[in-house]
Protein chains: 2
Amino acid sequence: MATIYEVSNLAGVSLATVSRVINNNTRVSDKTRQKVIDAMDKLGYRPNSIAQSLASNCSNSVGILVSELNGAFFGQMMAGIESELRAAGKHVIITTGHSDEEKEKEGIEFLISRNCDALIVHVEGLSDDYLIELAKGSTPIFFMSRTVNTIEKNCISLDNELGGYLATKTMLENGHENIAYIAGPQVKPDAKARFIGHKKALKEYGIPFDDELYYEGNFCETGGNDGLKRFLDKGLNFTSLVCANDEMASGAMTYAREHGISLPEDLSVIGFDNIIFSRHIYPKLTTIDNPVGEMGHMAAKLVLKNVYNKKDITVKYSFEPSLIDRDSVSRLN
Amino acid sequence: MATIYEVSNLAGVSLATVSRVINNNTRVSDKTRQKVIDAMDKLGYRPNSIAQSLASNCSNSVGILVSELNGAFFGQMMAGIESELRAAGKHVIITTGHSDEEKEKEGIEFLISRNCDALIVHVEGLSDDYLIELAKGSTPIFFMSRTVNTIEKNCISLDNELGGYLATKTMLENGHENIAYIAGPQVKPDAKARFIGHKKALKEYGIPFDDELYYEGNFCETGGNDGLKRFLDKGLNFTSLVCANDEMASGAMTYAREHGISLPEDLSVIGFDNIIFSRHIYPKLTTIDNPVGEMGHMAAKLVLKNVYNKKDITVKYSFEPSLIDRDSVSRLN
DNA sequence: TTGTACGCGTTATCAC
DNA sequence: GTGATAACGCGTACAA
């Protein structure tokens with residue numbers, strides 16, 4: 001691979017001049033510039049980005065930490081981040097934390113030691129205190145789907161409480177009063193906020209919260225399955241089911257169908273996140289849209305603005321969920 | 001951030017010695033080693049991976065090119081690659097090609113210019129000839145889900161023809177003789193091979209291929225939708241539908257249901273790939289498993305073995321699909 | 001506008 | 001076993 005040195009030789013100019021045309025910061029006469037470009041072409045020269053990084057102390061890479069590489073939710077998030085960054089000539093280094101505190105910590109260490117210029121992470125196991133410490137470090141770090149007090153400017157978040165409220169309100173507006181709820185793990189802030197929204201809607205409509213109609217699931221298909229089974233086994237009376245995410249809604253729907261419950265006639269179901277397959281399942285799932293792709297874009301813009309000093313970028317830290325009305329909720333008369 | 005120089009100073013040894021304990025290749029006396037380690041601890045020293053890369057001419061990163069970051073198929077693939085590589089202390093730089101020739105080319109250029117030690121790519125737009133040229137370059141490159149003549153050792157592939165054969169054979173064994181087929185874009189080698197497998201199974205059972213019962217889809221939900229519509233509008237007689245991937249199967253199933261066709265009684269459907277949501281849709285989709293996660297692992301192992309000189313790795317270039325028997329195919333009497 | 005010279009933080013090749 | 005010292009390829013004051 002040709003180096004800047006060989007280019008300078010062939011073009012008959014100095015190293016510095018070649019460097020100048022590569023980065024075109026300083027003015028170079030058109031004539032010399034052309035000579036350099038010709039030489040670069042002839043040699044098939046490509047800048048060594050490693051050397052550039054060392055000399056400029058900027059790796060042009062941003063580290064991403066997600067819980068899983070597969071999974072529709074993270075897929076949309078990564079796609080949003082990558083497309084925005086790629087367009088700016090930056091690249092992403094992606095690693096996983098599997099929602100586990102230790103692995104998340106390790107992943108972040110890994111990314112920092114790789115000299116990323118910034119980090120965009122989605123962590124679920126790490127405590128707020130730890131994140132605050134992290135934010136004090138020399139590597140700028142931004143948190144997806146999370147708000148941490150005192151470092152709000154490093155956070156991109158969804159108004160999960162509003163989402164939870166909207167989901168349950170949808171049921172209420174359709175005449176449902178006996179509403180079962182399958183929550184996400186309450187150690188996760190998202191899950192907690194959604195649940196709060198649920199109770200808020202209930203209260204607004206004057207329906208008391210019934211502990212019997214509550215189940216804490218795991219955000220996976222099995223959680224929906226187990227939750228509905230629990231409600232059914234207890235012989236409870238309910239006409240609708242609100243799930244804290246789409247996976248659990250899908251699990252519950254499968255379980256319902258296997259037990260002779262027709263959807264949505266006998267049971268209305270609503271999910272949360274609007275992940276890709278929610279429109280594939282039957283009946284098409286009514287759910288709450290989580291604009292995670294858009295949030296990914298914004299996280300990337302935040303990095304562009306704060307770390308790479310791009311101007312003219314308007315940022316936004318909080319996003320709002322919205323109802324996606326499909327076929328899984330029926331009107332009760 | 002402390003450098004190796006400060007460590008050597010504090011420990012009272014030379015730069016070279018510090019470097020030695022970092023990489024522990026050469027023998028260092030326990031006493032000096034301890035001095036160095038103490039100094040590193042005290043300074044909170046972390047090796048600068050950029051500088052290491054420049055000096056050693058090895059970036060410890062491998063570039064990945066996938067068509068999309070979202071999408072279950074690529075999710076599984078990336079997860080397989082990343083976990084294998086991460087365990088070996090390597091990291092992945094991921095970018096996208098969107099199945100477009102130009103973008104794929106650009107993505108690969110991007111990755112190469114980032115000094116990746118190797119590339120693992122899943123390309124659909126680039127020609128075999130181009131890939132052969134690429135393989136001659138100085139950056140080792142491996143191709144996922146593709147076999148290219150003369151560079152078979154750079155390819156990890158699935159026996160798509162076998163998969164296509166299995167899918168159709170499943171229908172035949174269940175007594176179906178009028179089988180409609182929705183193919184993938186025939187410019188894609190995978191889609192082509194699956195179709196060949198389909199015809200092979202037909203031939204084996206003495207059923208002539210009927211051009212009327214063939215539709216070339218786009219590998220997306222809409223392809224399944226449009227294909228089934230076409231068959232139905234023509235008033236054709238068929239009891240089963242083989243789709244070249246799960247997305248199209250899902251689209252077709254949705255369309256069928258919307259038109260009063262009960263599944264699987266009136267129409268049996270089989271997909272291909274066994275992507276996550278195939279077990280979420282109703283009825284649970286019978287499909288052909290595409291072990292893409294495993295293939296990702298193997299691609300990473302290939303890199304580990306060939307590029308990072310890890311021994312004791314047994315490689316395998318070709319993978320076999322298998323039938324996942326669920327509920328979308330009914331037995332015809 | 002252009003060239004010189006040094007620095008970025010390591011690894012690697014010699015000597016000792 | 002350990003220490004100088006030269007690469008690695010490029011950015012950038014500073015000088016010309």
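In the text below, chain A, chain B and the rest are named by the order of the sequence lines, each starting its count at 1.
- B:N57 comes within 4.0 angstrom of nothing in the nucleic acid, heavy atoms only.
- In the set D:dG1, C:dT10, D:dC10, D:dC10 carries the atom at the smallest distance from any side-chain atom of A:A51.
- Rounded to whole Å, atom P of D:dG11 lies 13 Å from atom CD1 of B:I50.
- The two residues A:T139 and A:C116 make their nearest non-hydrogen contact at CG2-O, 3.7 Å.
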Would you give me the side-chain donor-acceptor pairs under 3.5 Å for residues 37-56 of chain B, sequence neighbours excluded?
{"residue": "B:D38", "atom": "OD1", "partner": "B:Q34", "partner atom": "NE2", "Å": "3.1"}
{"residue": "B:R46", "atom": "NH2", "partner": "A:E109", "partner atom": "OE1", "Å": "3.0"}
{"residue": "B:N48", "atom": "OD1", "partner": "B:I50", "partner atom": "N", "Å": "2.8"}
{"residue": "B:N48", "atom": "OD1", "partner": "B:A51", "partner atom": "N", "Å": "3.1"}
{"residue": "B:S49", "atom": "OG", "partner": "A:S113", "partner atom": "O", "Å": "3.1"}
{"residue": "B:S49", "atom": "OG", "partner": "A:N115", "partner atom": "OD1", "Å": "3.4"}
{"residue": "B:S53", "atom": "OG", "partner": "B:S49", "partner atom": "O", "Å": "2.8"}
{"residue": "B:S53", "atom": "OG", "partner": "B:C58", "partner atom": "O", "Å": "3.3"}
{"residue": "B:S56", "atom": "OG", "partner": "B:Q52", "partner atom": "O", "Å": "2.6"}

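- Under the 4.0 Å criterion applied to side-chain N and carboxylate O atoms, A:E106 and A:K103 are not assigned as salt-bridge partners.
- For A:N25 and C:dT2, the CG to P distance is 14 Å, given to the nearest whole Å.
- The interatomic distance linking A:N9 (CG) with D:dG9 (P) rounds to 14 Å, in whole Å.
- For the pair B:M40 CE and C:dG9 P, the computed distance is 17 Å after rounding to whole Å.
- The interatomic distance linking A:Q34 (CD) with C:dT2 (P) rounds to 13 Å, in whole Å.
- Here A:S56 does not reach the OP1 or OP2 of D:dT12: none of its side-chain N or O atoms lies under 4.0 Å away.
- As rounded to whole Å, 18 Å separates atom P of D:dA7 from atom CG of A:N48.
- Taking side-chain N and O atoms only, B:N23 has a distance below 4.0 Å to OP1 or OP2 of C:dT11.
- A side-chain donor-acceptor contact under 3.5 Å links A:H91 and B:R114.
- A salt bridge does not link A:D117 to A:K90: none of the charged nitrogens lies less than 4.0 Å from a carboxylate oxygen.
- Here B:S29 lies in heavy-atom contact (under 4.0 Å) with sugar-phosphate atoms only.
- Using a 4.0 Å cut-off between charged nitrogen and carboxylate oxygen, B:D312 and B:K305 do not count as a salt-bridge pair.
- Rounded to whole Å, the distance from CG on B:N115 to P on D:dC8 is 14 Å.
- For A:Q52, no side-chain nitrogen or oxygen approaches OP1 or OP2 of D:dG9 to under 4.0 Å.
- At least one side-chain nitrogen or oxygen of B:Y45 sits closer than 4.0 Å to the OP1 or OP2 atom of C:dT10.
- Taking atom CG on A:L43 and atom C1' on D:dG9, their separation rounds to 15 Å, with Å as the unit.
- A donor atom on one side chain and an acceptor atom on the other are found under 3.5 Å apart for A:E124 and A:S67.
- The side chain of A:I4 sits closest to D:dG11 out of C:dA12, D:dG11, C:dC8.
- Backbone-only contact: B:R46 has heavy atoms under 4.0 Å from sugar-phosphate atoms and none from a base.
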For nucleotides 3-5 of chain C, list the nitrogen or oxygen atoms of the protein found under 3.5 Å from its nitrogen or oxygen atoms, one pair per line.
{"residue": "C:dG3", "atom": "OP2", "partner": "A:S14", "partner atom": "N", "Å": "3.0"}
{"residue": "C:dG3", "atom": "OP2", "partner": "A:S14", "partner atom": "OG", "Å": "3.3"}
{"residue": "C:dG3", "atom": "OP2", "partner": "A:T17", "partner atom": "OG1", "Å": "2.7"}
{"residue": "C:dG3", "atom": "N7", "partner": "A:R20", "partner atom": "NH1", "Å": "3.3"}
{"residue": "C:dG3", "atom": "N7", "partner": "A:R20", "partner atom": "NH2", "Å": "3.4"}
{"residue": "C:dG3", "atom": "O6", "partner": "A:R20", "partner atom": "NH2", "Å": "2.3"}

